[in-house]
Amino acid sequence: MKLFEYQAKEIFKSSGIAIPRGILIAENEEFSDINLPCVIKSQVMQGGRGKAGLIQFADNASEAREKIAALRSGPAKVKKILIEEKLNIKQEIYLAVTIDPVDCSALIMASSEGGMDIEELAKTMPEKIIREKVAAFRDLEPYQLRNVMFALGLKGEAFKQGCKVLMQMFTAFRKHDAELVEINPLVITDDEKVIAADGKFIIDDNAAFRQQSYPLSQDQFDSDIEFEAAQQGIPYLQFDGDIGLMCAGAGLTNAIYDLVNYFGGTVANYLEFGGPNYRRAVEAMEFTLRNKPKVILIVTFGTIARADVMAQGIADAVKKLKPEIPIVTAIRGTGEEEAAKILAEIGLDNLGDTEEAVKQAIAFAKGEK
Amino acid sequence: MSIFIEKDTKVLIQGITGSEGSFWTEHILGIGTNVVAGVTPGKEGQKVEGVNVYNTVRKAVAETQADASVLFVPPRFAKDAVFEALDAGIRKVVVIAEGIPVHDAMQMRRAALTEGAMVVGGNTSGVITPGVAMMGIFPYWIERVYKQGNIGIMTRSGSLTNEVTAMVIKAGFGVSSLMGIGGDSVPCTRFAEFLPLYENDPETKAVVVIGELGGTMEEEVAEAMEAGIFTKPLVSFIGGRTAPEGKKMGHAGAIVTGGKGTVAGKVKALEKSGALVADRPSVTGKLLKELING
């Protein structure tokens, strides 16, 4: 779960990391009292907010009101807005804690080129990224804080505060089951204060059971259907092609997506109804039909996700939803003979070969069949 | 001979009385696996498919000398169950659960590395040597997938394994040992770490790696080949070739790997090291033939 900036900053604050003074205003709310000059920050998930004009500056209250109104009526559908004091910036730093799966370590990354896109920096100036690792079962030790802060070139009070912030970030990283904690930029002010001007926080979904829960927000998804499918726990991605995919297993669905492209077709949606969802063919087909595909392509090769159970689900879905478009099936694995019988009863010829199924679906989509 | 599980490996099943555990115990026994005990806390004295159930791994190991364990426990208890197995002296563990917290997985992998154990998974179908034994959830009775032979298979995806392996069998081959390393971002054992076992296994003539976009595991296979750690023929299929960027992959993954992680990068690295990469599952068998027959 990727948090909004204001949620990340709530965690920073409770971890002892300084954040700018500010207020969060909700969708229809006006501000009463703000520190001027101010920064007006749209609380949306998309990256590159600055370039997209979703971060604005204002010197007085009327200017702030105008800019807030413009953001709210703009194309980004901005709801919550964070209004913060404008900082007197002496230096900007990049600081992040993430996961190194090879070493099973927390990986600290830092750069004196704060404010810059770190992916860009990794491509153009990888030598400017300072790295420090903390293995599982180990703590972040003071020498490691010194390694990072000396390499950043910090001195005096900023050095001391920088060490403290990094330690607090690391503690929050472990405590909140984070996949990423990022402050970009971490600002050093004219008066040597160290303040998190921005914040990114990604919490591992698999640890949701032991972490504070955050409600899913529409803003985290590219489309309404993706949002609704996520609320139902069905992996779904929306595209603008012809073929609606209903497959089982992430790996196989990816491969089918590739094959459709390989043979010259286009994908209307990616939907995966394997694993815990293999008894939910009806809901899966409902979602698949939402983006108006020209054909539905169902490919599975399951073990636990039994072929006969999935075939029965598809038969139920066809009876209930009465789709007016062709359906191509290649349902294999445990119980595949029974699956073929069930599908034959509703007039579907269950194919044994994946490529044949993909080619047939493309032919339907192009009206060649 | 096989690379992880033998006919006489004494297998323990943790979480044996649960619905998945008991369902798969029948099939794990069915293929011929030497299952010696099961563990579910509070269920000692019960039997599942004739297998004795114990409260603790410690006691199960003391009474049966179990030396490998397959876990059917929910993801939130996986770390506890892995450490219970390691602390009882077991050095081969397979973790089936999908949805293990990544910080738990990091501790599991770190413990395995430092204690000289091999933990496979999580989020995997497990490990199988067709015709011999399995620790996992494979429909071994489907002969067009699970036929005995001389090709080692390593995979990150359960569903794709059946698809690709069927193509290997169709080309006239069979499987020596299949290792499902799992689909999580922190698998406890990585592709390249199994290569020395395949290298030393006389039953394995070549290896098929079923990879996916993201991470660096396929690149590590290429590095192992370049370093001469693995010298047998290797064919790979990698899913996610046309996956749109940013839809699935996180921001952090790209930076950690310094540009590695795209399928294009993986293909390039593997081909440079002498492997052949199939652009779709159906050509995997053909490429294997080419490579093996020269």
Side-chain angles (χ1 to χ4, degrees), chain A residues 47 96 98-102 104-107 109 118-119 122-123 126 129 135-137 174 177-180 182 200 202 204-207 209-210 222 237 239 247-255 257-262 270 274-276 300-305 332-334 336 353-355, chain B residues 20 23 75-76 98-111 113-114 125 137-139 142 145 155-164 166 183-187 190 210 212-213 215-216 220 237 239-244 247-248 250-252 254-256 258-259 279-282:
Chain A
T98 182
I99 284 166
D100 182 328
V102 184
C104 25
S105 299
L107 171 63
M109 289 185 296
I118 193 72
E119 282 179 341
K123 266 186 221 158
I129 299 176
F137 303 116
R174 285 244 171 108
D177 277 295
E179 290 176 355
L180 174 72
E182 184 187 86
K200 243 187 224 167
I202 302 175
D204 175 17
D205 290 330
N206 290 343
F209 66 90
R210 63 188 180 200
D222 291 340
L237 296 170
F239 299 100
C247 301
L252 183 61
T253 313
N254 262 329
Y257 183 96
D258 289 344
L259 282 173
V260 169
N261 288 320
Y262 182 90
Y270 169 114
T300 76
F301 208 143
T303 301
I304 297 182
R332 289 81 37 92
T334 314
E336 59 189 7
D353 183 72
T354 300
E355 280 188 15
Chain B
E20 289 218 354
F23 176 79
R76 66 174 72 182
E98 175 178 0
I100 298 170
V102 69
H103 285 252
D104 290 4
M106 288 205 287
Q107 290 193 0
M108 286 156 54
R109 172 165 163 78
R110 172 60 59 170
L113 288 174
T114 53
S125 312
I137 51 171
F138 298 94
I142 300 179
V145 181
T155 175
R156 285 170 70 178
S157 155
S159 55
L160 201 47
T161 303
N162 290 341
E163 181 74 36
V164 176
D184 282 345
S185 61
V186 180
R190 303 172 68 82
I210 305 170
E212 236 175 9
L213 74 166
T216 58
E220 292 159 24
F237 170 78
R241 222 168 242 267
T242 59
K247 274 278 188 186
K248 249 189 135 181
H251 178 81
I255 170 92
V256 174
D279 60 359
R280 51 205 159 105
S282 63

* To do: Using non-hydrogen atoms and a 4.5 Å limit, figure out which bit of B:A105 sits close to chain A: side chain, backbone, both or neither.
  => neither
* **Contacting region of A:V102 [heavy-atom separation from chain B under 4.5 Å]** => both
* To do: Indicate the atoms forming the closest heavy-atom contact of A:F137 with B:R110, along with that distance.
  => CD1-CG, 3.6 Å
* Could you grab the distance from atom CG of B:D104 to atom CG of A:N206, nearest 0.5 Å is fine? => 9.5 Å
* Asked: Got a second to check how far B:M108's CE is from A:C104's SG, nearest 0.5 Å?
  -> 11.0 Å
* Asked: A:D258 versus chain B, heavy atoms under 4.5 Å apart: side chain, backbone, both or neither?
  -> both
* For B:I142, is it the side chain, the backbone, both, or neither that has a heavy atom closer than 4.5 Å to a heavy atom of chain A? -> side chain
* To do: Would you give the length of the straight line joining atom CD1 of A:I99 to atom NE2 of B:H103, rounded to the nearest 0.5 angstrom?
  => 4.5 Å
* Under 4.5 Å heavy-atom distance to chain A, tell me which part of B:R241 shows up: side chain, backbone, both or neither. => both
* To do: Check each atom of B:P139 against the heavy atoms of chain A and say whether the ones under 4.5 Å are side chain, backbone, both or neither.
  => both
* With B:E98 via salt bridge (charged side-chain N to carboxylate O under 4.0 Å, His left out) - residues at least two apart -> none
* Asked: Residues two or more places apart in sequence or in another chain: which of them pass side chain to side chain donor-acceptor pair (under 3.5 Å) with A:R332?
  -> A:T354, B:E163
* **Region of B:F138 that comes under 4.5 Å of a non-hydrogen atom in chain A** => backbone
* Asked: Taking all non-hydrogen atoms of both residues, which atom of B:G240 and which atom of A:N254 are closest, and how far apart?
  -> N-CB, 4.1 Å
* **Nearest atoms (heavy-atom pairs only) where A:D204 meets B:P101** => OD2-CA, 3.2 Å
* Residue A:Y262 versus chain B: region with a heavy atom under 4.5 Å -> side chain
* **Under 4.5 Å from a heavy atom of chain B, the part of A:D205 involved** => neither
* To do: Just give me the residue among A:G333, A:A106, A:P126, A:A178 that pairs up with chain B most often, heavy atom to heavy atom, under 4.5 Å.
  => A:A178
* Answer with side chain, backbone, both or neither: which region of A:S105 has an atom nearer than 4.5 Å to a non-hydrogen atom of chain B? => both
* B:T242 versus chain A, the contacting section by heavy-atom distance below 4.5 Å -> both
* Asked: Can you tell which of B:G99, B:S185, B:G239 has the highest number of heavy-atom pairs within less than 4.5 Å of chain A?
  -> B:G99
* To do: Let me know if B:V145 has heavy atoms under 4.5 Å from chain A in its side chain, its backbone, both or neither.
  => side chain
* For the candidates B:R190, B:R109, B:R280, which exhibits the highest count of non-hydrogen atom pairs separated by less than 4.5 Å from chain A? -> B:R280
* Residue part contacting chain A, namely of B:L113, when any heavy atom lies under 4.5 Å -> side chain
* Indicate the atoms forming the closest heavy-atom contact of A:A250 with B:S159, along with that distance. => N-OG, 4.2 Å
